[in-house]
Participant: 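For reference, the structure I am asking about is given below.
In listed order, ligands and their atoms are each counted from 1.
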Amino acid sequence: MIQVIENKFLLTGKEYQYAFYVEDGKLYHAYYGANLGVYYESCGKEGYKVELPKEYSEFGRGDFRPTAIVVRTNESLSTDFRFDSYKILDKKPSIGLPSMRGEKQTLAVVLKDLRLNLKLTLFYTPYEDGLVRSVLLENNGKEAVVLDKISSGCFEFSRGEYETIDLCGRSNAERQYSREKLGNGVKKLASSRGITSHQTNCFMALLKSGAEEETGEVYGFNLIYSGNFNIECEKDAYSRVRVIVGENILYGGIELQAGEKYYTPEVVSVYSIDGIGGMSRNFHRLYRKYLINPVFADKIRPIVINSWESVVYNVGEETLFEFIDGAKGLGIDMVVLDDGWFGERDDEDRSLGDWYVHKTKLPNGLKPVIDRCHASGMKFGIWFEPEAISPNSDLYRQHPDWAIHTNGCEGVQMRNQFVLDFSNANVVDYVYECMKNILENNAIDYVKWDMNRSLTDVPNAKKYRDYTLGVYALYNRLTASFPNVLIEGCSTGGARFDGGILYYSPMIWTSDNTDAWCRAKIQYSTSLCYPLQSLSNHVSDVPNRQTKRSIDFETRANVAKFGCLGYELHIANEKEENRELVKRQTAEYKKDADLILTGDLYRLRNPYIDGAFSELVVSEDKTRAILVYVRESSVLYAQKEKKLLLKGLDENQKYLVQETGEIFTGKALHYIGLEIVLERMDYSSTTLHLTKV
Ligand code: GLA
């Protein structure tokens, strides 16, 4: 709901309220927190005006804290944006970037800098479960200005003690949970890699001191963008906290010519009084309903078997026939042919960009392979790395200038490859035509879109933004031409796990690390912001390719099924016993998937802290629930774990634990808990189903 009361603006969702006001032509922040039903000024008006909480802080006019916007001209570094007008729009404006869907009322507040003739519009869309903000800058002057910084949102918090949770990591250990006390100064989470990256995620939670998994006040921030981002969180000398979220414009800034406009990506902010779990459930509901491509949102995803870890580059008709035959009859829905099928791709040092079928490996094209899948009752999917170009490729020999480069510098190779300049429409056209050709001429139902390196040699700041727009342009064209092809996002595992990709790709390969315990951790923390239905998880061979650890087959599946289940192993070579297990796992998953993918998530054990991973997913109507429990080491508790307190059930109802036949009330499960009995071994696990009786 949007309310305007004289000079005051009030935005209300289910749990939250957000307020700001105009005074002497400037915008000041008033309140962000629990839904109080009335306009409330919590930030106070004492002190000098320059010190008051700002609605959208600007540089150079007495606010020395991190600012939301910096516009530069030859003569100046500062702006003086003053309130001009406001409008309540019937629906959100289209910003030319992936953004939250739905025809939602939006508040547009217009500010003007009269000296520079700039118009700044702040957009606010209050969804039930969270607030969405973005900004539009229009240069109505006669001269170009330079944008050094333009954030999607600035959020002010009253004095107090806070903690943060961030998701920093690295390849094979993406999005690691890290909670810390917010100290003095600025905490900064940013990417300058041109992709969101393994190293940081464009998410941060701000906790009021004392908040826990299911209690206390927690704010979450997530930028819907797949390129460079910047999150700054400052605690100043008076313990006031400011959070700035937006694009990370790099050195030199971006020129905005006279008459040009610039839309920022959207920032989604959620608030919960039910702790970290409440924040996650708000994000999940928002993203399931309004972000994920509605063709696939809340629908059960196919169980795939991916060729990468077993076939690697040894693609060939016979090898693939064997692979497909091995998967037949096990309940698997889709065979995905990964890297190695195109150009002369016999190794990782060649052919990216040459998106035509490898003539020696597959002399009869893809058809016999696809036919074999269909005859075995499975569909077919294929891997592309659309943004990549190998120096050793026909494409590079024809168009060396299509790789992102800085004139006169030798390009930096990573994984023996360069990145294509997606800011060039001809490049996007070429890649689109190649992919279209493969998709049109073959019965392909699934694409895995990989992106395996960071951007280097980028000649100017604008190219980073234009590159990301080019990625979205290709996504727009592909999803328009092939609306029913499911495109899985991937980036050497999870280096581009963000809302921008999620807008198009309903699921994202969570990490190349498929070791069940490492994966449990990655999945746990990824779920802080992103719903389980966006996590693509595979059961792979042991010893694990990344960790050389051997974890029990059932545990591998128990972890993988808490998201979109798939397999990535040489299934024909598996023991008969495991093949039977696959049959059982896929059958069970098909029964459980709607619950896992659409239910409310309660995290019960934090694998970073508790030595155990446990999640409970409860159906919206609270009639069903599914629980996973994985224990790291058997040493501490032998067989019986500490009782697990189940949250989120209906306390007044009784539930049957299907596997044990026991019946408990929701209240007893919450306050006394459920006994978890496990086999005496490391990494043992169980999945339990609860149904209302
Ligand atoms: C990346 C992906 C893997 C696989 C390989 C193929 O590492 O994350 O899943 O597709 O590329 O080269």
Participant: Closer than 4.0 angstrom, basic N to acidic O: yes or no for Glu387 and Arg496?
Facilitator: yes
Participant: Please classify the His538 to ligand 1 contact at 4.0 Å (heavy-atom distances, strictly less than): side chain, backbone, both or neither.
Facilitator: neither
Participant: Look at Asp333 together with Lys379 and state whether they make a salt bridge at an N to O cut-off of under 4.0 Å.
Facilitator: no
Participant: Check this for me - ligand 1, Tyr313, N or O atoms closer than 3.5 angstrom, yes or no?
Facilitator: no
Participant: Quick one: which ligand 1 atoms are inside 4.0 Å of a heavy atom on Cys490?
Facilitator: 2 (C), 8 (O)
Participant: Is Arg584 salt-bridged to Glu554, cutoff N-O under 4.0 Å?
Facilitator: yes
Participant: Is the backbone N or O of Trp308 less than 3.5 Å from a side-chain atom of Asp338, with the two atoms forming a donor-acceptor pair by type?
Facilitator: no
Participant: Heavy-atom contact under 4.0 Å between Arg415 and ligand 1?
Facilitator: yes
Participant: How close does the nearest protein non-hydrogen atom get to atom 8 (O) of ligand 1, and which residue and atom is it?
Facilitator: Asp512 OD1, 2.6 Å
Participant: Please list the nearest protein heavy atom to atom 11 (O) of ligand 1 with its residue and the distance rounded to 0.1 Å.
Facilitator: Asp450 OD2, 3.0 Å
Participant: For ligand 1, indicate whether the residue Ser491 contacts it via side chain, backbone, both or neither (heavy-atom separation under 4.0 Å).
Facilitator: neither
Participant: With backbone taken as N, CA, C and O and side chain as the heavy atoms from C-beta onward, which portion of Asn452 lies under 4.0 Å from ligand 1: side chain, backbone, both, or neither?
Facilitator: side chain
Participant: Using distance alone, decide if ligand 1 has a nitrogen or oxygen within less than 3.5 Å of any nitrogen or oxygen in Glu568.
Facilitator: no
Participant: How far is atom 5 (C) of ligand 1 from its nearest protein heavy atom, and which residue and atom is that?
Facilitator: Trp308 CE2, 3.6 Å
Participant: Give the residue, atom name and distance (to 0.1 Å) of the protein heavy atom nearest atom 4 (C) of ligand 1.
Facilitator: Asp338 OD1, 3.4 Å
Participant: Just to confirm my output: which protein heavy-atom neighbour is closest to atom 12 (O) of ligand 1, and how far is it?
Facilitator: Asp339 OD2, 2.7 Å
Participant: Establish, yes or no, whether the cationic atom of Arg101 lies under 6.0 Å from the six-membered ring centre of Tyr503 and within 45° of the ring axis.
Facilitator: yes
Participant: Ser540 and Tyr567: side chain to side chain donor-acceptor pair (under 3.5 Å), yes or no, with the steps?
Facilitator: CA-CA 6 Å; Ser540 64; Tyr567 292 83; over 6 Å; no
Participant: For ligand 1, which part of Glu348 has a heavy atom less than 4.0 Å away: the side chain, the backbone, both, or neither?
Facilitator: neither
Participant: Backbone N or O of Met100 within a donor-acceptor pair of the Glu266 side chain at under 3.5 Å?
Facilitator: yes
Participant: Number the atoms of ligand 1 from 1 as they appear, then name those within less than 4.0 Å of a heavy atom of Trp509, with their elements.
Facilitator: 8 (O), 9 (O)
Participant: Is a side-chain N or O of Ser191 found less than 3.5 angstrom from the main chain of Ile195, in a donor-acceptor match?
Facilitator: yes
Participant: Please list the nearest protein heavy atom to atom 9 (O) of ligand 1 with its residue and the distance rounded to 0.1 Å.
Facilitator: Lys448 NZ, 2.7 Å
Participant: Identify whether the distance between the nearest side-chain nitrogen and carboxylate oxygen of Asp512 and Arg545 falls below 4.0 Å.
Facilitator: no
Participant: Salt bridge check: are Asp325 and Lys328 linked by an N-O gap of less than 4.0 Å?
Facilitator: no
Participant: Check each atom of ligand 1 against the heavy atoms of Gly493 and keep those under 4.0 Å away; list them by number with element.
Facilitator: 8 (O)
